[in-house]
Protein chains: 2
Amino acid sequence: MKPDALRGHLDALLLATLDGRQLHGYAIIEELQQGSGGALDLPTGTVYPALRRLERAGHVTSDWSTVGGRKRRTYKLTQAGQRALLAERSAWREFTTVIDGVLGGGGKWAQT
Amino acid sequence: MKPDALRGHLDALLLATLDGRQLHGYAIIEELQQGSGGALDLPTGTVYPALRRLERAGHVTSDWSTVGGRKRRTYKLTQAGQRALLAERSAWREFTTVIDGVLGGGGKWAQT
DNA sequence: GTTCATAAGTAGCTGACCTACATATAGCGT
DNA sequence: ACGCTATATGTAGGTCAGCTACTTATGAAC
């Protein structure tokens with residue numbers, strides 16, 4: 001998959017990954033990798049700043065913990081984040097519906 | 001719909017709109033607007049440069065014509081453009097499958 | 001004669017995402 | 001002791017697609 005097709009949809013992926021659980025950045029990356037069958041291999045330089053953005057936006061909060069001597073910053077959704085996730089999901093549905101319409105039936109075939 | 005969710009998918013829309021017919025830029029914009037039920041309202045500053053990009057890439061060719069005293073640059077797909085459209089369609093399908101997986105079933109529910 | 005619809009275009013900005021790098025600990029092998 | 005790999009977090013800087021705003025031009029309507 002071309003790397004920046006994600007543009008504008010990364011937040012949705014992160015919020016969805018954090019839905020109902022607490023994860024740290026590194027774990028989120030692995031989770032997305034596995035959950036997509038290897039199709040999503042997000043670099044840390046993409047994910048960490050994105051999580052900070054989400055935190056600044058109030059959609060997630062973070063806490064530090066130490067596991068096996070290593071520091072982790074674990075994130076979880078806020079209530080605003082939950083709401084944002086719902087919004088992202090419906091925006092995604094609308095988006096795919098529109099594009100599907102053009103790509104599949106918006107052209108010359110359209111037989112209404 | 002948030003304006004730049006399109007990033008990376010505009011080419012697919014333009015190629016699909018031109019599939020099997022010749023259109024000029026202004027008509028493409030209107031076509032996309034109608035074909036999407038008003039959801040897609042692309043500014044000319046987005047579409048014209050994109051068409052030029054596609055022409056540089058060899059995916060479309062353009063010819064000038066004059067209708068009612070107004071000059072139009074009409075575009076049509078090249079064979080490479082046809083191939084590109086097929087590629088864009090399958091990339092789109094893959095993309096939505098991956099994101100749908102994460103957004104819908106990639107999280108805690110995944111009950112495989 | 002000015003306003004609207006049609007038609008095409010450029011200039012400049014923004015910012016999300018990428019690439020590449022820096023930092024640090026634990027554990028393993030040698 | 002030393003280096004390498006996996007784990008874990010982060011920053012600096014660049015790219016470039018798409019956006020905003022503007023310019024140019026014709027024909028029709030008023």
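All values derive from a computational prediction rather than experimental measurement. Chain letters run A, B, ... following the sequence lines, proteins first and then strands; every chain starts at 1.
The distance from atom CD of A:Glu88 to atom P of C:dA16 is 12 Å, rounded to the nearest whole Å. B:Leu6 places its CG atom 15 Å from the C1' atom of C:dA16, with the value rounded to the nearest Å. Between the P atom of C:dA16 and the CG atom of A:Leu42 lies a distance of 16 Å, rounded to the nearest Å. The CG-P distance, from A:Leu23 to D:dT9, rounds to 10 Å in whole Å. Atom CD1 of A:Ile29 is separated from atom P of D:dT7 by 12 Å (rounded to the nearest Å). Straight-line distance from the CD atom of B:Glu31 to the P atom of C:dT6: 14 Å, rounded to whole Å. If you measure from atom CG of A:Asp41 to atom P of C:dC17, you get 16 Å, rounded to the nearest angstrom. Rounded to a whole Å, the CD1 atom of B:Ile28 is 12 Å from the C1' atom of C:dA7.
Counting all heavy atoms, side chain and backbone alike, B:Ala80 lies closest to B:Gly58 at CB-O, 3.7 Å. Residue B:Gly104 comes nearest to A:Arg89 through the heavy atom pair N-NH1, 4.3 Å, listed as atom of the first residue, atom of the second, then distance. Listed here is the closest heavy atom pair of B:Arg21 and B:Leu23: NE-CD1, 3.9 Å. Heavy atoms only, all atoms of each residue included: B:Ser65 and B:Thr74 are closest at OG-CG2, 4.0 Å.
B:Tyr26 has no side-chain polar atom (N or O) that falls below the 4.0 Å cut-off from OP1 or OP2 of C:dA8.
Looking only at side-chain heavy atoms (C-beta outward), B:Val60 and B:Leu14 stay at 4.5 Å or farther from each other.
Residues from residues 45-56 of chain B placing a heavy atom under 4.0 Å of any atom in DNA chain D, listed by number, are B:Gly45, B:Thr46, B:Arg53. Of the residues in residues 63-77 of chain B, B:Trp64, B:Arg70, B:Lys71, B:Arg72, B:Arg73, B:Tyr75 come within less than 4.0 Å of DNA chain C through at least one heavy atom, sorted by number.
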Next item on the list: List the steps and the verdict of side chain to side chain contact (heavy atoms under 4.5 Å, CB included) for B:Leu32 and B:Val47.
Entry: CA-CA 11 Å; B:Leu32 283 170; B:Val47 172; 5.6 Å; no
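For residues 34-52 of chain A, the side-chain hydrogen bond (donor to acceptor under 3.5 Å, both in side chains) pairs, not counting sequence neighbours, are A:Gln33-A:Asp41.
Map B:His9 and A:Ala27 each onto its nearest nucleotide of DNA chain D; the residue landing nearer the 5' end is A:Ala27.
The side chain of B:Arg7 approaches D:dG18 more closely than any other nucleotide in the set C:dC17, D:dT9, D:dG18.
Using cut-offs of 30° and 60° for the angle between ring planes, the B:Phe95 and B:His9 rings count as tilted.
Within 4.0 Å (heavy atoms only), A:Leu10 reaches sugar-phosphate atoms of the nucleic acid but no base atom.
Between A:Ser62 and the options A:His24, A:Glu55, A:Gln22, a side chain to side chain donor-acceptor pair (under 3.5 Å) holds for only A:Glu55.
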